[in-house]
Asker: 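Quick one: the structure is below, and I'll ask about it shortly.
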Amino acid sequence: MGLKTNAEPRPKTTYTLEDIAELQEDARRCPSKRDAVNHFAEHYDHLTPRFLSRHLETLMSLDSEQLVSLIGYPDPTGEIAARRADMAVVS
């Protein structure tokens with residue numbers, strides 16, 4: 001018997017700035033800080049809950065563009081595509 005692993009990777013999602021603003025608004029509506037941290041953690045799984053908890057107030061006070069520039073899109077594939085597009089414009 002081998003070690004069981006999750007056979008299906010988490011599906012990649014493309015996020016827009018509007019999606020990020022909605023994610024922040026949803027976090028603001030959460031009944032507790034823990035719920036808001038969990039909501040962010042579902043989308044930013046590369047960040048630890050401890051980091052999110054310590055910086056939650058700042059993360060929710062930024063506008064969506066500032067949040068993306070600070071910690072990026074929740075989808076690393078989208079970040080790579082955005083960097084490539086930015087580099088193409090500069091070239």
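Everything numeric here is computed off the predicted structure, so don't read it as measured data.
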Asker: Residues in side-chain contact (heavy atoms from CB on, under 4.5 Å) with Ser61, at least two apart?
Answerer: none
Asker: Got a sec, which residues hit side chain to side chain donor-acceptor pair (under 3.5 Å) with Ser69, two or more places apart in sequence or on another chain?
Answerer: none
Asker: Check whether any side-chain heavy atom of Leu67 lies under 4.5 Å from a side-chain heavy atom of Tyr44, and answer yes or no.
Answerer: yes
Asker: Go through the structure and list residues passing side-chain contact (heavy atoms from CB on, under 4.5 Å) with Ala27, not counting sequence neighbours.
Answerer: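 Ala27 satisfies side-chain contact (heavy atoms from CB on, under 4.5 Å) with Ala36, His39, Phe40, Met60 once adjacent residues are dropped.
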Asker: Name the atoms and distances for all side-chain donor-acceptor pairs under 3.5 Å in residues 17-25, with sequence neighbours left out.
Answerer:
from: Glu18; atom 1: OE1; to: Thr16; atom 2: OG1; distance (Å): 3.2
from: Asp19; atom 1: OD2; to: Thr16; atom 2: N; distance (Å): 2.9
from: Asp19; atom 1: OD2; to: Thr16; atom 2: OG1; distance (Å): 3.3
from: Gln24; atom 1: NE2; to: Leu59; atom 2: O; distance (Å): 2.8
from: Gln24; atom 1: NE2; to: Leu62; atom 2: O; distance (Å): 2.8
from: Glu25; atom 1: OE1; to: Arg28; atom 2: NH1; distance (Å): 3.2

Asker: Mind checking side chain to side chain donor-acceptor pair (under 3.5 Å) for Asp35 and listing every partner two or more places apart, or none if nothing turns up?
Answerer: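 Asp35 satisfies side chain to side chain donor-acceptor pair (under 3.5 Å) with Ser32 once adjacent residues are dropped.
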Asker: Can you name the side chain to side chain donor-acceptor pair (under 3.5 Å) partners of Arg29, sequence neighbours left out?
Answerer: Asp26
